[in-house]
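Note sheet for the following structure.
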Amino acid sequence: VLDRNKRMADAIREDLRRRGCFMVNIIGSPGCGKTRLLVELLALIGGGISCAVIEGDLATDNDAQRIRKTGVDAFQVMTGAACHLSARDIEHALEHLSIQPKTLVLVENVGNLVCPSMFDIGESLRIVCLSVTEGTDKPQKYPVSFREADLAVITKSDLAPYVDFDMEACREMISRIKPDLPFLVTSAKDGSGLKELIDRIVAAWRDKQVATD
Ligand SMILES: Nc1nc2c(ncn2[C@@H]2O[C@H](COP(=O)(O)OP(=O)(O)OP(=O)(O)O)[C@@H](O)[C@H]2O)c(=O)[nH]1
Ligand SMILES: [Mg+2]
């Protein structure tokens, strides 16, 4: 299953690359703030970059509706029982979105800190989100999602003081799991770190394009 998924993911990545597009896979626990982060990022990007969103949830199209309110096209994958998106889900979603050349495709994976990290969906950048409300020790308990990520984002930083989250201890834990994993702190509520996150994504896109052109 994983082999077939990987082949399909490679084909998706190559097809997007040829069209000058770039796909980001956003992973994190239920409620860690993935959708709200996307909504705020899209508002900040404005018309600057052409964007499209793929949402993954077991049930409901609530998140796709939240994204569409920003004016950005979104496709909702409802996985039923599956705790992750697969490359086939993405292939299906991409058929339904009309992706212009040079589009940034943002994928919110199913809320889960484990399963989605096992499945390549054809992304070129994988972001793992951890909200401060989940607790400082989560990278240690769920190392795989951090090991497999290209960027770690600590979300809901505005709440850190209220939940006794230790940012430095968390950063250290992550660096023990993957020493070179970049680390960003954001709050979708007060806007901190959002511009830096966009800059990171754009830089990764540019680097990938240069490396493969
Ligand atoms: N204070 C604060 N609340 C936030 C922040 N980001 C998200 N929230 C709140 O956290 C709750 C969950 O946010 P969502 O964006 O729905 O989380 P999610 O990760 O998309 O959830 P699933 O799709 O169900 O996995 C909502 O009530 C948000 O308003 C933040 O930066 N600060
Ligand atoms: Mg969501």
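In listed order, ligands and their atoms are each counted from 1. FYI, side chains are in, hydrogens and waters are out, and symmetry mates aren't considered; it's all heavy atoms of this structure. In what follows, residues are counted from 1 in the order of the sequence shown.
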Inset, instruction - Give the intermediate values and the outcome of side chain to side chain donor-acceptor pair (under 3.5 Å) for residues Gln76 and Asp63. - result: CA-CA 8 Å; Gln76 180 76 51; Asp63 283 0; over 6 Å; no
[atom1]-[atom2] distance between [X] and [Y], expressed to the nearest 0.5 angstrom:
X: Phe146; Y: Ile174; atom1: CZ; atom2: CD1; result: 5.0 Å
X: Cys51; Y: Ile201; atom1: SG; atom2: CD1; result: 9.0 Å
X: Leu151; Y: Arg200; atom1: CG; atom2: CZ; result: 6.0 Å

Legend entry - Any donor-acceptor N or O pair under 3.5 Å, side chains Gln100, Thr103: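 No, no side-chain donor-acceptor contact under 3.5 Å.
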Inset, instruction - Could you note down all residue pairs passing salt bridge (Lys or Arg N to Asp or Glu O under 4.0 Å) where residues 95-120 supplies at least one of them, sequence neighbours left out? - result: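 Residue pairs passing salt bridge (Lys or Arg N to Asp or Glu O under 4.0 Å), neighbours aside: Lys6-Asp120, Arg13-Asp120.
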Legend entry - Residue pairs involving residues 151-164 (criterion side chain to side chain donor-acceptor pair (under 3.5 Å); sequence neighbours excluded):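 Those involving residues 151-164 are Asp158-Ser187.
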Legend entry - Around the Mg ion (ligand 2), number of protein N/O/S atoms which are nearer than 2.8 Å: 3
Inset, instruction - Show the protein residues that qualify under the rule heavy atom under 4.0 Å from an atom of ligand 1, listing them in chain and number order. - result: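 Around ligand 1, where the cutoff is 4.0 Å for heavy atoms, the contacting residues are Ser29, Pro30, Gly31, Cys32, Gly33, Lys34, Thr35, Arg36, Asp57, Asp63, Arg66, Glu108, Gly111, Lys156, Asp158, Leu159, Ser187, Ala188, Lys189.
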Legend entry - Salt-bridge contact Asp15-Arg19 (side-chain N to carboxylate O under 4.0 Å): yes
Inset, instruction - For the residue pair Leu58 and Met78, establish whether any side-chain heavy-atom pair is separated by less than 4.5 Å. - result: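 No, every pair of side-chain atoms sits at 4.5 Å or beyond.
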